[in-house]
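So you know, we letter chains A, B, ... as the sequences are listed, proteins then strands, and number each from 1.
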Amino acid sequence: MELAVIDFETTGLSAGRDRIIEVGAVILRDGRVAESFVQLMHPGFPIPSFITGLTGISNAMVRDMPPPEEVMPRLGQFLDRHPCLAHNASFDSRFLAAEMARAGLGRERPFLCSMRLARRLVPDAPNHRLGTLVQHLGLRPPDGCRAHRALDDVLMTVALWNHLETELAGWLNGKSPDFAFCHRLMTRPKAAAAKLLREAAVSVP
DNA sequence: TGCCAGGCCCTCTTTAGGGCCTT
């Protein structure tokens, strides 16, 4: 399954009030990064100091950067028709929809959520934050990877997804899971998701 | 003036509340 893995750094949590200040995205093909896209953006107002402390993205870094509405057409072309994957996808899909609408480019995109899948497949993790899961599973993000920068968070999500996909393929007798199966798994209640896995394990030849 | 996200998910639930995740 080809996926676009995406992550936004923003000025806050509200898609209605806050703006995107950085996007990272990659096209994942056979578990490998085939293309990548990263861009800082100027939100049109000062970045809150809390966000600069969290992400390291300062007002000086975005001073000469384009506003989100200028970046969205290029991002839309990059994502093309790929289904998207993000960690806590409801957050990123809300911001993507809000910024696309501001740019006059409204289009709903299907999303998978690595956090919701991990809650089904890694129930014993201390918590389901991206960094915790990567550490808990012993995954190795690329050297120099820094949490809360968009492309680095994308690469950690890729590492997590590759682990989850391998685990799902184990349930499916080696067959790679498709989008519909992953979506069913992450949207069903816990007990129903567990039943879905058990049924898949015996029904896939 | 005062406030400011939103949706999933669990449970001491369903006539509800609060923790988890994302920035």
Practice task
Could you give the distance separating B:dT14 and B:dC10 at their C1' atoms, to the nearest angstrom?
Solution key: 13 Å
Handout entry: For atom CG of A:Leu185 and atom C1' of B:dC8, their distance in whole Å
Key = 15 Å
Handout entry: pair A:Pro43-A:Val62: side-chain heavy atoms closer than 4.5 Å
Key = yes
Handout entry: Nearest-Å distance once atom C1' is located in both B:dT15 and B:dG19
Key = 22 Å
Practice task
For B:dG7 and B:dC3, measure between their P atoms and round to the nearest Å.
Solution key: 23 Å
Exercise for the section: Classify the nucleic acid contact of A:Asp7 as base, sugar-phosphate or nothing, counting any heavy atom under 4.0 Å across all strands shown. Expected result: sugar-phosphate
Fill in the blank from the handout: To the nearest angstrom, the CE-P distance between A:Met186 and B:dC20 comes to 21 Å
Handout entry: Separation of the P atoms in B:dG6 and B:dG2, to the nearest angstrom
Key = 23 Å
Problem - B:dT1 to B:dC20 separation - C1' atoms, rounded to the nearest Å - result: 32 Å
Exercise for the section: Please determine if a side-chain N or O atom of A:His128 lies less than 4.0 Å away from the OP1 or OP2 oxygen of B:dC20. Expected result: no
Handout entry: Donor-acceptor contact present, side-chain A:His163 to main-chain A:Leu160, <3.5 Å
Key = no
Handout entry: ring-ring contact (aromatic ring centres under 6.0 Å, His included) evaluation trace for A:Phe37 with A:Phe78
Key = CA-CA 8 Å; A:Phe37 183 100; A:Phe78 179 82; 5.4 Å; yes
Exercise for the section: Sticking with atom C1', work out how far B:dG18 lies from B:dC12, rounded to a whole angstrom. Expected result: 12 Å
Practice task
Would you classify A:Arg120 as touching base, sugar-phosphate or nothing, given that sugar-phosphate means primed atoms plus P, OP1 and OP2, and contacts are heavy atoms under 4.0 Å?
Solution key: sugar-phosphate
Practice task
Assign each of A:Ser14 and A:Phe8 to its nearest nucleotide of DNA chain B by heavy atoms, then name whichever residue's nucleotide is nearer the 5' end.
Solution key: A:Ser14
Exercise for the section: Check if the side chain of A:Arg129 and the base of B:dC21 share a donor-acceptor pair of N or O atoms closer than 3.5 Å. Expected result: no
Practice task
Fit a plane to each ring of A:Phe95 and A:Phe91, take the angle between them on a 0 to 90° scale, and name the class: parallel (under 30°), tilted (30 to 60°) or perpendicular (over 60°).
Solution key: tilted
Handout entry: Under 3.5 Å: donor-acceptor pair, side chain of A:Thr157, backbone of A:Asp153
Key = yes
Fill in the blank from the handout: Rounded to whole Å, the CG-P distance (A:Asp152 to B:dT23) equals 12 Å
